[in-house]
Each structure stands twice: as C-alpha cells, then as structure tokens.
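Remarks on the structure that follows.
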Amino acid sequence: MTDFLGSFWNLFPVTLAQSLLYAFVALGVMIPFRLLNFPDLSCEGTFPLGGCLCAALIAAKVPPPAAMLIAVAAGFAAGCATAAIHLRLRINTLLAGILVITILWSLDLRIMGKSNVPLFSLSNVFDTFWPRFTQNAVAQITFWLALCVGVVLFLHWLLRTELGLVVRAVGANDTMARANGVHVGRVLLFGVGAANAVVAFAGASVAQIQGYADVAMGFGMLIGGLAALIIGEAIVGRHTVLRQILAPFVGSVAYYQVISLGLAVGVHPSDLKMVTALFVLVTLGLPTFRRQAKTQQAEPRLRA
Amino acid sequence: MLRLDGIRKTFHPGEPDQRTALTGVDLTLAKGDFVVMIGSNGAGKSTLLNVVAGDIAPDAGRVFIDGEDVTALPTHERSRFIGRVFQDTSACTAPGLTIEENLALAAGRAKRPGLRSPLDRDSRARYRAALAPLGLGLEDRLQTRVDLLSGGQRQAVSLVMALSGEPKLLVLDEHCAALDPRTAETVMRATVGAIERTGITTLMITHNMHHAIAFGYRLVMLHEGRVLFEASGEGKSLLSVEELVKRFGIVDDALLLAS
C-alpha cells in the first residue's frame, strides 16, 4: 500500500516538471480546438518535427538556441500548411492535419537520416543558462512554472486586445467575423501556425531534456494533449477567457500526476495510451450517453 | 448609392440540382433610400442580398456602391460599407463574447485590429448611448455574454452593431422573422427609428406584408429571380395586403401566414 504511494511521491517532482513542459502541447491543442474552432491534429506531427529538427541541427553543430528557433519556425510553417490545405483546397481540417502528419514523418526521417538522434554528449539550450538543468528537477519546475505563468499572463492580455477579440470572434462565429471586416482565413492561418509553433517548441524542449529525438516521439501526443485539456476544463471551467487559458496548464499537471499514479499502482506502460484514449472517449461520449438514457427513461411515461 | 446591374446567378450549373436564383436583376437605391423587398420563397431575395454583401459571387452583372465597382471585393472588405442583420438570431453576434465586446468588434471593422484594448470609458459610454434608445435595458448589461440574451435582444444588439461605424448601406434579411410578434414589433420599431434618424440607405427583406406596406419608401417585389413590380410614394401608400396578394397571385404559405 505505502509502497506505490512512496514511488509515486518520489516521482512527483519529475512528473511535475514534465507536466509543465507538456502543458504547451495541451495549449497547442486548446488554441485550434477551443479558440479557433478549427479541430487540428497536426500537433501529432509538429511535436516530433520540433524534436527531430532541433536534434538534427544540434548534432550538426548548430548553436542550440538557433536550432530551437528554426524548429519553432518549422512548426509554425507546418501549422500554416494544415490551415492552408483546409482553406485553399477545402479539405476537412482533420484530413488536412493527417496529410501534414504523414508528410512530416518522412520529412523527419530525411532530416535526421535515421530514426533517432542521441544528444546526450552534446550541449543543449537549457544547460547553457542553467548548468545540469536536465538533471535538476527543482530547476526544471522553477523554469517551466515561470514560463507557464508568463504565457498565461501574455495570452490573457493578448486575447483582450482588438486583435484578441478578432481571434475569439473567428472561433465563435466566423460568418459574423467576416461580416465585421475580419479576414477569417488569415486569422486561422496564423492561429493554427502559432499553436503548432508552441507544440514544436515543446517537442524541441523534450528532445533536449530527454537527450534524444525519435521519429515516433509524437505518437499519442494529440490524445494526451486533449485529455489534459479536458481534465483542465473540468477543474477550472472554460466560461471566461482566463479559465480557458488556464485549463491546458492545470489539466496537464493533473493528467501527468494521474498517469504517474497509474504507473505506480501497476498499470502497464504500454497500456497507457489505451487508457488515455478510453478516458477521452468516455468524457466526450458521456453527455450524449446521458441524453440517450434520459430520453429512454422518458419514453415509458409518454406511452402511458 | 447602390446599383445592381444585370445580376444573374445559377447554383450548381450543369448538375441535376441546377437552380436558377437570379435572372437579371437591375435595382438602384438612391442615397437615403429605404427599399423593402418581398417575394415568395425561392424568388431569389436572400441570394440577392448575399450578392450585395459579397457572400455569393454573381455569374454575371456588377454591384456598385457609391459608384465603385465592388463585385470582386470579398465580404470582409465590403463590410466597411455594409451593415447586415440576418434572420438567424445567432448569426450576427459572437457567442461567448460580451455585448460590449461584440459592439467593439463591429466598431472596429473598418480598421486593422491592433494591440490596444478595445474597451475604455469612452467606448462604453458610446455603446450605452447606442443601446439605450432600444428600450430593452441592454445599456446596463454591457458585460453580459450575448449567448445568454433572448433572440430579440440579440437582434437588437445586431442592429446596433450593423449601424456602428457609419456604413453606407444597411442590409436586413428578414431580421424580425424569427421573433415572436411583440418582440418583432419592438425590433422593427427600433430599426425604422434608427433608419429615419441616420438616414442610412437600406435594403430590407420581409415576409410580413404589413411591414412591407407600413415601412420603407419603396416596395420591390422579386419573382423568379427578377424584379416583378415596384411601388413608391403614393402608389405604395395606397397598397393593401389583400391587393398585394391578389394582384400578383404569388402566394405561398409563409406569405399567407404572415398576412
């Protein structure tokens, strides 16, 4: 009994640091799904793109900050590609995302020349300003927490400016936005691009912290991000701008602790993705299920 | 002010569901004109308004606003000149945004959005002043989300939004049709009041024959994609509902129900 609690507790700081970093993936899911009403799967491909490109560049002796910047820019471009495919060719957003993910898989292999690139012996962007950052859980928690708070404050300011109002209007009612002079296509292009830039940033950070990039590192990223977002929305709600911005961060912290607890209890790591997917399925399906149950209950009364 | 020149539109040409909506519409609105448009379902009224607003590109014909050919201008660029209210009470506002945020969005539609805060004491005072004449008490609820308002309240907000930024043309697509009769009267009164106060050029579709006769300076009947009949001045004021229905024999259920 105390055994698994002990191992959970020992892992708590590491998990917390990890969850604050993965919160950026949840943020990259929230922006298109909630703010822009543009269901976008691209993060499944832009996460490994960020990681693989950054790792390949560092391995090729590019300075880590520059490598990271290029990786983020590539994520932005890939997000724009998904949006452009949808807007220009009128292909469904989900299919557009899958097309981009598929292209990026081959691209990642091209970039790295093999399926993974180790970085253990190379310097990374974090070690340059905080020695032994990757081995220091407290340093990681401090840094990521500060960054998360900064991003939340920034978004909370941004979304209440004229520009932010335009972005929210596009997500809430694109017909209305168009009738009020908003170039909806441009907002979606930049919005989805920015979301995927954030995801690529997370991918590049993960690659440097775990010490390698792998072409398959993005698998399950979307469902994980979505699960974190849903948990966060259940905890803090989403009916104000601030709550909607907080949701991916709070949700990510909760989600990864739950996962860690599950592992401590003895859930097989290979079952985690299934458990996460089932959680998302149940959460999304529950309202419909409840509605159906209610109408079935009402039926006998109608007949009587 | 607004000139439509030989507007034609056929949907799905060459396909089994081909449908001709407009077969050459010529219509001119002088500055300050208030035109009410009627016609049975499928007469092409909404298609025509969508052509005016830029949502639908005509197959042939040109649209001029103040002498400028705007036929190729996309909706969001045309919105500088045009304020619109649709029949669907949730179409013109952004749910999840407050009344003042919706109004700010409409007020800023002619300029590029920047990183300034769109709301300050001055703008709020302006919004209050614009909402007060509606008599719905909305001026005290600026921070209420529009999706929590009733359909009539939302249409009233939509009307204020459509008129903000002094557009050249107001386009109303049966904006009272989805409201209960009493609310419809309130919103219609507010609409006509605003049109008379601002003198804005207006093109309004209605299914309500009484409204068509009571309001507007000119009446236009659209049938099978073209203008069938026009009345203005004395000719319009002498029309009666029965006469309109009888004289043209163009009756559909909605028209009869509204009468």
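Lettering follows sequence order; numbering is per chain, from 1. These numbers were taken from a predicted model, which means no experiment stands behind them.
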* **Atom group of R80(B) that falls short of 4.5 Å from chain A, counting heavy atoms** => neither
* Closest heavy-atom contact between P95(B) and N173(A)? -> CD-CB, 4.1 Å
* Considering only NZ, NE, NH1 and NH2 on the basic side and carboxylate oxygens on the acidic side, decide whether R168(A) and E101(B) come within less than 4.0 Å. => yes
* Structure fact -> Nearest heavy-atom contact between P118(B) and T161(A) is CD-C, 3.7 Å
* Using non-hydrogen atoms only, which part of R238(A) is less than 4.5 Å away from chain B: side chain, backbone, both, or neither? -> neither
* Which heavy atom of S79(B) sits nearest a heavy atom of A179(A), and at what distance? -> CB-O, 3.1 Å
* Structure fact -> Note: T175(A) and F86(B) closest approach over all heavy atoms is CG2-CZ, 4.5 Å
* To do: Side chain from CB out, backbone as N, CA, C, O: work out which of these in R145(B) comes under 4.5 Å of a heavy atom of chain A, or both, or neither.
  => side chain
* chain A heavy atoms under 4.5 Å from A91(B): which part of the residue, side chain, backbone, both or neither? -> backbone
* Interface moiety of T93(B) toward chain A, non-hydrogen atoms closer than 4.5 Å -> backbone
* Select one option (side chain, backbone, both, neither) describing which atoms of V166(A) are under 4.5 Å from chain B's heavy atoms. => both
* Is the closest side-chain heavy-atom distance between L105(B) and E162(A) below 4.5 Å? -> no
* Asked: If you take all heavy atoms of N180(A) and R109(B), which pair is closest and at what distance?
  -> O-CB, 2.9 Å
* Before giving the answer on side chain to side chain contact (heavy atoms under 4.5 Å, CB included), spell out for H76(B) and V182(A) the whole-Å C-alpha distance, their side-chain angles and the decisive distance to 0.1 Å. => CA-CA 6 Å; H76(B) 67 271; V182(A) 177; 5.6 Å; no
